[in-house]
Amino acid sequence: MAQATFHFPRGFLWGAATAAHQVEGNNQNNDWWAWEQDPSHILQGHKSGLACDWWGGRWREDFDRAADGNQNAQRISVEWSRIQPAPDRWDETALDFYIEMLRGLRERNLTPLVTLHHFSNPIWFAEMGGWENEEAHLIFEKYVRKTVDALRDYVNYWVTINEPNVYAFEAYLFGLFPPGKKEPLTTMRVLTNLARAHAAAYHAIHALQPAARVGVAHHYRDFKPAKAWFPLDRGVTGINSKVFNDIFPRALATGIVATPFSRSKIPQAKGSQDYFGLNYYTRDRVAFSLLHPGELFSHRYYQPGAQLSATGFLANEPEGMYDAIRWALQFKLPILVTENGVEDPEDQLRPIYLAQHLHQTWRAVNFNFPIKGYFHWTLVDNFEWERGWTQRFGLWELDPATQKRRKRPSADFYAEICRENGLSSEMVQKYAPSLSEELFPD
Ligand code: BGC
């Protein structure tokens with residue numbers, strides 16, 4: 001094994017990513033809390049409950065963990081339903097709470113990246129039709145103005161909306177997130193409304209804070225044809241990627257939302273990103289199949305023999321990270337990897353996954369692709385939406401009943417990476433020795 005270090009550029013942001021509903025606890029005023037009350041909606045009837053008890057103050061100890069882990073950044077989100085508990089009411093104490101949290105990040109030299117919408121909506125907004133409401137962008141813009149005005153002294157990097165494609169598909173096509181619909185046309189309408197909302201938020205933020213850096217955390221799923229030589233497999237792979245990956249970011253680049261059913265002009269969306277936020281987790285094989293008309297005549301599966309995460313939710317496909325970055329380059333923006341990680345309670349796969357995905361990120365850095373940071377999903381085990389507590393993505397283990405945290409080896413591994421601003425052969429030898437020859441051949 002060769003002795004070497006994969007260095008990252010000076011000033012690279014190293015963080016972990018979190019979302020309000022998944023960590024705060026007692027988020028009783030949003031559509032997710034309501035959804036969780038029906039046990040059939042969440043695996044094993046789990047509930048978010050206290051989550052990581054950040055609302056009870058445990059953000060302090062977790063930010064200490066992030067800082068002790070040599071991170072220089074942290075991604076959090078703010079909860080709309082706390083800030084605006086009713087259409088005509090703002091909760092200043094909630095805003096003060098977030099100011100305190102942001103000060104907490106600054107005091108620990110952690111650069112904040114703040115998401116304004118991460119899957120959860122106030123109940124009152126859901127009752128008005130949520131993202132199907134044609135006025136949703138105006139309602140969202142009001143919330144954004146109020147929030148950004150209050151928090152702008154502490155935040156430069158904003159994510160308006162987390163994974164619009166995942167949100168729209170899970171909530172309106174697969175029926176797994178509230179409101180639990182399975183309507184393709186509505187899904188595309190929601191995606192269009194989210195593009196409008198992003199554009200409105202982008203301009204509102206810049207009006208309040210001209211120097212802000214504003215983007216979206218885009219989820220890219222890497223689709224590869226089951227048989228590369230077979231035109232029908234290639235065809236459906238392309239369609240899957242266009243529909244899931246491309247519609248939203250292309251809308252923000254061109255000002256046109258082009259879905260399979262509609263074409264809407266949103267001129268104010270054109271050029272409405274200052275950086276490209278990229279979430280990457282896994283890759284699918286796609287085969288043409290007459291048996292799956294509802295899934296665009298495609299059968300998606302993980303490559304047989306691929307390493308799978310603990311519950312089989314993700315396949316470890318690190319080269320997809322590189323392909324994700326190559327794909328993101330078309331938008332000609334600086335790139336932040338805003339999420340990447342794996343569910344693994346025993347921390348067997350995580351060190352391997354982490355080393356390989358960072359190696360692929362470094363490959364991209366070496367081509368001078370403009371990658372500015374990496375945020376690992378996630379810091380401490382948290383509430384994983386419709387999968388409840390059955391999946392553990394944390395660098396730190398959490399027992400939600402006792403609120404006890406326990407460090408996984410990957411937390412130490414990541415801390416060494418952050419301190420070094422790079423990935424060295426010694427670290428790989430120590431935390432993921434099975435990769436030594438692959439990553440550092442003699
Ligand atoms: C979401 C996170 C989620 C993670 C792992 C991402 O799609 O943004 O909220 O916890 O995946 O499931």
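Just so you know, ligand 1 is whichever comes first in the structure, and atom 1 is the first atom listed for that ligand.
- The cationic group of Arg82 does not satisfy the cation-pi geometry with Phe97, failing either the under 6.0 Å distance to the six-membered ring centre or the 45° limit from the ring axis.
- Neither side chain, Thr390 nor Gln44, offers a donor N or O lying under 3.5 Å from an acceptor on the other.
- With a 6.0 Å cutoff to the six-membered ring centre and a 45° limit on the axis angle, Arg108 does not count as a cation-pi contact of Phe63.
- Side chain of Thr237 to backbone of Asp233: a donor-acceptor contact under 3.5 angstrom is found.
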What are the atom names and distances for all N or O pairs under 3.5 Å between ligand 1 and the protein?
residue, atom, partner, partner atom, Å
ligand 1, 7 (O), Glu163, OE1, 2.5
ligand 1, 7 (O), Glu163, OE2, 3.0
ligand 1, 8 (O), His118, NE2, 3.2
ligand 1, 8 (O), Asn162, ND2, 3.0
ligand 1, 8 (O), Glu163, OE1, 3.2
ligand 1, 8 (O), Glu339, OE1, 3.0
ligand 1, 8 (O), Glu339, OE2, 2.9
ligand 1, 9 (O), Gln22, OE1, 2.8
ligand 1, 9 (O), His118, NE2, 2.8
ligand 1, 9 (O), Trp385, NE1, 2.9
ligand 1, 10 (O), Gln22, NE2, 2.8
ligand 1, 10 (O), Trp377, NE1, 3.3
ligand 1, 10 (O), Glu384, OE1, 2.7
ligand 1, 10 (O), Glu384, OE2, 3.1
ligand 1, 12 (O), Glu384, OE1, 2.8
ligand 1, 12 (O), Arg387, NH1, 3.0

Would you tabulate the side-chain donor-acceptor contacts of residues 188-198 under 3.5 Å, counting partners in other chains and residues two or more places apart, or write 'none'?
residue, atom, partner, partner atom, Å
Arg189, NH1, Glu132, O, 3.2
Arg189, NH1, Glu134, OE2, 2.9
Thr192, OG1, Met188, O, 2.8
Asn193, OD1, Arg196, NH1, 2.9
Asn193, ND2, Trp131, O, 2.9
His198, ND1, Thr160, OG1, 2.7
His198, NE2, Ser272, O, 2.6
His198, NE2, Ser272, OG, 3.2

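- For Asn279 (side chain) and Glu339 (main-chain N/O), a donor-acceptor pair under 3.5 Å exists by modelled atom type.
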